[in-house]
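A quick write-up on the structure given underneath.
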Amino acid sequence: MYLSLRSEVEDALEAALAALDLPTDDLGIERPPEDVDAAVASSVAFRMAGEVGAPPPKVAADIAAETDPTGYEYVGRVDTQGPYVNVFPSDSYVAETVETAQSEAYGRLPDRDTSVVVEHTSANPTGPVHVGRARNPIVGDAVVRVLDFAGYDVDAHYYVNDAGRQVAVFTWAYETFDESDLPEPEREKADYDLVRYYRKGNEFLKEGDDEAVEAAEAEIDAIMQGLEDGDEAVYERVGTVVDTVLDGMTETFDRLPAEFDEFVKETRLMRSGATDDVVERLRALDEAVYEKEAWQLDLSDHGFDKNLVFLRSDGTSLYTTRDLAHHEWKFDNYDRAVTVIGEDHKLTFNQLDQSLELLGYDTDQLDQVFYSWVNLPGGEGMSTREGTGVDLDDLLDEAIDRARAEVEDRLDDRLRDDDLDEAGVERIAEQVGTGAVRYDIVSKQPTKSITFEFERALDFEAQSAPYVQYVHARACGILGEAADEGVEPAESVDPDLLDTDAERDLLRTIARFPAAVDEAAAELEPHRVATYTRTFAEQFNAFYRECPVLTADDPETRRARLALVAAARETVGNALRVLGVAAPDSM
RNA sequence: GGGCACGUAGCUCAGUCCGGAUAGAGCGUCGGACUUCUAAUCCGACGGUCGUGGGUUCAAAUCUCACCGUGCCCGCCA
């Protein structure tokens, strides 16, 4: 609705400016500050003041006078406040917003007939997911949801690194060490079970005596070579380790939840011949050089100091080589490809982008979302290999425990009489606990680094998931109560019935939701939706305070407000779904 | 040394892409509101040289340049 209003305002302003013989290329359309009542505003008068030779307020008044709302569906009154031209929405804007927002699909944008593959997480399958890695599935899954909601046809992919050196080390370690030499696993789960071998192996390679390490390295190299040569037995050995660990990790991702449509293995691109094929084409490029027995791309003419090695001197491919084949495959199968990836991969990714361009691809179809690392207080990093950091499973457990304690605490002085049983307590604890962790991460700009603080992530008060979830629960509560009393939301609403500031502010915020989705999708910034939910919650709470619904003075107002509550519930419910945060019916 | 990112209140963050209305929240501190649709809520007070300095502009947190600080990267690892 807001998007339509905005484009109508553009048309109306353009027409007014043209009628005044003024340029129409810069309309200065913006959203006014919260304490200004207009829905859309323009600072165009500043820009025209010089041209016209009159002070901005005078110019604004002239433009406003020339702007004719008739013929526009959503443009109501046009007014000025000093140098600003302010546009107020029409009655049908109000009525239509309340009506359309009551639909389950509110905010979902029309199909764009465009397929997008979103690759995210793609963490090495080497062990339990720790909090440092958690930013990727959380942001990645939110990007998937935002794009889906914005009308794209989205597939979520996890690119499995099953051909790298680390996996070879892992396979060797798994086959070499005996369980009796390992510590107890921290959890009864496949990834915790197997990571013990990986850690033991790395420790051995670091501290074992030279001769033994050399022998181990030879075995590891043999595994790498086996993969490169297409040795089925080696694929199978590696696959056993990778699949087992990945199953454990997937269980953790499911808790968030972060869901994948497909796990694409690197080895698939080796076995299919795609990697060899791209190597041939890379070698044929003008930028290809053969130095120190390794094939590389000299990208210095394209702004890269460092050569990109794509074939080792022993003839094996590198991660980036396989990733080039991987991206060619994406280009063949999708209209767009988005990768959510840590900023430490930025250089490599830019080289990959450049290489794809040299291979003749249109890399405008390729987008990346880079995120910064998550650190522990005190500047300590997190490492699977060394076993430092906070496991995501532990964080989620703790979050749910705290949420459960919170629900139980509130049980006694709970006003609402809805017979909350044990399953209900558990349901709320999981929705709130998991939601809090997820929201804490998804609500921040990915480019900013995060210092992970347990207490802050699990603060259930304002600016957290529970704060927003509570709004949804409150709306559900009112609607449930109304249904019990046999009161139905109004099907069509007389805008005059919703004319307090609180009602109008809430309505305007509801109307803006599709625009928020559109912007978040365009910029690949799901945190914008989180920012939106926060504003939304504030507006709803103001409405809740100011406007009694069930005890409103007359039946028409009651039903009109109820319709507004229904619209609010769908809006905040869908906003939470876009973020991947549960929307509880009660709390 | 070079490249990229970040720097907004004591702390955690929006706002920066696309320059415009007194720079907004939350946490913390202090003071208030539950016989009224759920107090995981709300209201109020206190708190800011938007890292520093220059430039562009009628107008700069936002654009631009320099500098400072922090992080990441600069491997025949991923």
Side-chain angles (χ1 to χ4, degrees), chain A residues 28-30 32-36 41-43 45-47 49-50 55-56 81-84 86 122-124 161 164-167 291-296 303-307 309-314 316 318-320 323 342-348 350 370 372-373 375 379 403 406-407 409-410 413-418 428 432 436 440 443-445 447-451 453 455-456 459-467 469-471 473-482 522-523 525 527-528 530-531 534-535 537-538 541-542 544-545 547-552 561-562 565 586-587:
Chain A
I29 289 179
E30 58 194 80
E34 261 178 50
D35 55 336
V36 173
S42 165
S43 57
F46 284 111
R47 290 149 231 247
Q81 190 170 335
Y84 296 94
N86 287 335
S122 302
N124 288 338
N161 233 266
R165 200 184 145 72
Q166 308 201 49
V167 171
E291 281 174 19
K292 295 181 185 163
E293 301 185 330
W295 278 97
Q296 339 192 348
F304 295 94
D305 295 339
K306 194 177 72 95
N307 280 6
V309 177
F310 62 89
L311 206 59
R312 290 190 183 96
S313 50
D314 66 2
T316 57
L318 289 93
Y319 174 82
T320 311
D323 208 16
E343 64 169 4
D344 50 330
H345 291 69
K346 212 166 193 171
L347 173 63
T348 316
N350 289 338
F370 291 106
S372 303
W373 212 237
N375 287 306
E406 200 78 21
V407 180
D409 263 7
R410 292 163 202 271
D413 46 27
R414 194 179 161 86
L415 288 170
R416 193 167 171 72
D417 177 26
D418 61 356
I428 296 170
V432 167
D440 183 61
S443 60
K444 286 165 190 161
Q445 286 186 46
T447 48
K448 304 210 177 186
S449 57
I450 293 183
T451 299
E453 291 172 78
E455 293 305 322
R456 193 174 291 282
D459 179 359
F460 294 155
E461 295 194 342
Q463 292 206 338
S464 68
Y467 174 71
Q469 290 173 317
Y470 191 58
V471 164
R474 270 181 157 175
C476 288
I478 295 172
L479 288 161
E481 200 114 331
E523 305 297 326
E525 291 186 338
H527 81 271
R528 286 165 180 265
T531 305
R534 219 140 50 202
T535 312
E538 278 163 28
N541 284 326
Y544 184 88
R545 183 180 70 247
C547 305
V549 177
L550 299 176
T551 56
R561 284 183 178 168
L562 202 55
V565 172
S586 71
M587 279 173 73

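For A:K306, the side-chain atoms get nearest to B:C74 when compared with the rest of B:A40, B:C42, B:C74. The A:V309 side chain lies nearest to B:C76 when the options are B:C72, B:C76, B:A40. Checked against B:C4, B:C13, B:A21, the side chain of A:R534 finds its nearest nucleotide in B:C13. Of the candidate nucleotides B:A14, B:A39, B:C37, B:A39 has the atom nearest to the side chain of A:R410. Nearest nucleotide to the A:R456 side chain, out of B:C4, B:C11, B:A40: B:C11. Considering only side-chain atoms of A:L318, the nucleotide from B:C42, B:C76, B:A21 that sits closest is B:C76. Taking the side chain of A:E343 as heavy atoms from C-beta on, and the options B:C72, B:C13, B:C77, the nearest nucleotide is B:C72. Distance from the side chain of A:T531 is smallest for B:A14 among the nucleotides B:A21, B:C76, B:A14. Nearest nucleotide to the A:K292 side chain, out of B:C76, B:A21, B:A5: B:C76.
Judged by Watson-Crick or G-U wobble contacts below 3.5 Å, the nucleotide B:A14 has no partner. The base-pairing partner of B:A9, taking Watson-Crick or G-U wobble contacts with both distances under 3.5 Å, does not exist among the strands shown. Across all strands shown, nothing is found opposite B:A23 as a Watson-Crick or G-U wobble partner with both distances under 3.5 Å. Nucleotide B:G75 is matched to nothing when pairs are restricted to Watson-Crick or G-U wobble geometry with both distances under 3.5 angstrom. Across all strands shown, B:C67 forms a Watson-Crick or G-U wobble pair with B:G51, both key distances being under 3.5 Å. Checking B:C30 for Watson-Crick or G-U wobble geometry (two distances, each under 3.5 Å) identifies B:G44 as its partner.
Here A:A41 lies in heavy-atom contact (under 4.0 Å) with a base. Using a 4.0 Å heavy-atom distance criterion, A:P56 is classed as making no nucleic acid contact. Nucleic acid contact for A:V565: none, since no nucleic acid atom lies under 4.0 Å from a heavy atom of the residue. Residue contacts shown for A:H527 are limited to sugar-phosphate atoms, with no base heavy atom under 4.0 Å away. Residue contacts shown for A:V549 include a base, since a base heavy atom lies under 4.0 Å away. Within the nucleic acid shown, A:T348 comes within 4.0 Å of at least one base atom, counting heavy atoms only. Base contact: A:S313 has a heavy atom under 4.0 Å from a base atom. Nucleic acid contact for A:F310: none, since no nucleic acid atom lies under 4.0 Å from a heavy atom of the residue. Heavy atoms of A:F46 sit under 4.0 angstrom from at least one base atom.
In this model, the phosphate group of B:U41 is not approached by any side-chain N or O of A:N541 to a distance below 4.0 Å at OP1 or OP2. Under 4.0 angstrom from either OP1 or OP2 of B:C76 there lies no side-chain N or O belonging to A:Y319. Side-chain N/O atoms of A:R474 include none lying less than 4.0 angstrom from OP1 or OP2 on B:A40. Phosphate proximity of B:C42 to A:Y467: present, with a side-chain N or O under 4.0 Å from OP1 or OP2. For A:K448 and B:G71, the shortest distance from a side-chain N or O to OP1 or OP2 is not below 4.0 Å.
Distance, A:R545 CZ to B:A39 C1': 13 Å, rounded to whole Å. Here B:A40 presents its C1' atom at 7 Å from CD of A:E461, a figure rounded to the nearest Å. To the nearest angstrom, P of B:A25 lies 7 Å from CD of A:E538. Rounding to whole angstrom units, CZ of residue A:F370 and P of B:C72 are separated by 17 Å. When rounded to the nearest whole Å, the span between CG of A:D440 and P of B:A14 equals 11 Å. The distance from atom OH of A:Y544 to atom P of B:A33 is 19 Å, rounded to the nearest whole Å. Rounded to whole angstrom, the span from the CD atom of A:Q166 across to the P atom of B:C76 amounts to 16 Å. Per the geometry, CD belonging to A:Q445 stands 8 Å off P belonging to B:U16, to the nearest Å.
A donor N or O paired with an acceptor N or O is found under 3.5 Å between the base of B:C17 and the side-chain atoms of A:R528. Evaluation of atom-type donor-acceptor distances gives a pair under 3.5 Å for the side chain of A:Q463 against the base of B:A25. A donor-acceptor contact under 3.5 Å is formed by the side chain of A:N86 with the base of B:A21.
Residues A:V167 and A:N124 are not in side-chain contact: their nearest non-hydrogen atoms beyond the backbone lie 4.5 Å or more apart. Between A:Q469 and A:S464 the shortest side-chain heavy-atom distance does not fall below 4.5 Å. A:E343 places none of its side-chain heavy atoms less than 4.5 Å from the side chain of A:T447. The shortest distance between side-chain heavy atoms of A:Y544 and A:V471 does not fall below 4.5 Å. For the pair A:L347/A:K306, a side-chain contact is recorded, criterion being any heavy-atom separation below 4.5 Å from C-beta on. Between A:Y467 and A:E538 there is a side-chain heavy-atom pair separated by less than 4.5 Å. Residues A:R534 and A:Q463 have side chains in contact (heavy-atom distance under 4.5 Å, counting atoms from C-beta outward). Side-chain contact check for A:I478 versus A:R561: every heavy-atom pair is 4.5 Å or farther apart.
Look at the P atom in both B:A59 and B:G71: the space between them is 38 Å, to the nearest Å. Atom C1' of B:C68 sits at a distance of 29 Å from the matching atom of B:C27, rounded to the whole Å. B:C42 sits 11 Å from B:C34 when the C1' atoms are compared, rounded to a whole Å. For the C1' atoms, the distance from B:A23 to B:A61 is 8 Å, rounded to whole Å. For the C1' atom pair drawn from B:A60 and B:A25, the interatomic distance equals 23 Å after rounding to whole Å. Comparing the C1' positions of B:G75 and B:U56 gives an interatomic distance of 43 Å, to the nearest angstrom. On the P atoms, B:G15 is 15 Å away from B:G24, given to the nearest whole Å. Comparing B:A45 with B:C4, their P atoms are spaced 45 Å from each other, to the whole Å.
In terms of position along RNA chain B, the nucleotide closest to A:S372 lies nearer the 5' end than the nucleotide closest to the other residue of the pair A:A537 and A:S372. Judged by closest nucleotide on RNA chain B, A:P548 is the one of A:S464 and A:P548 placed further toward the 5' end.
At least one donor-acceptor pair under 3.5 Å links the side chain of A:D459 to the backbone N or O of A:E461.
Across all their heavy atoms, A:V432 and A:P466 have their closest contact at CG1-CG, 3.6 Å.
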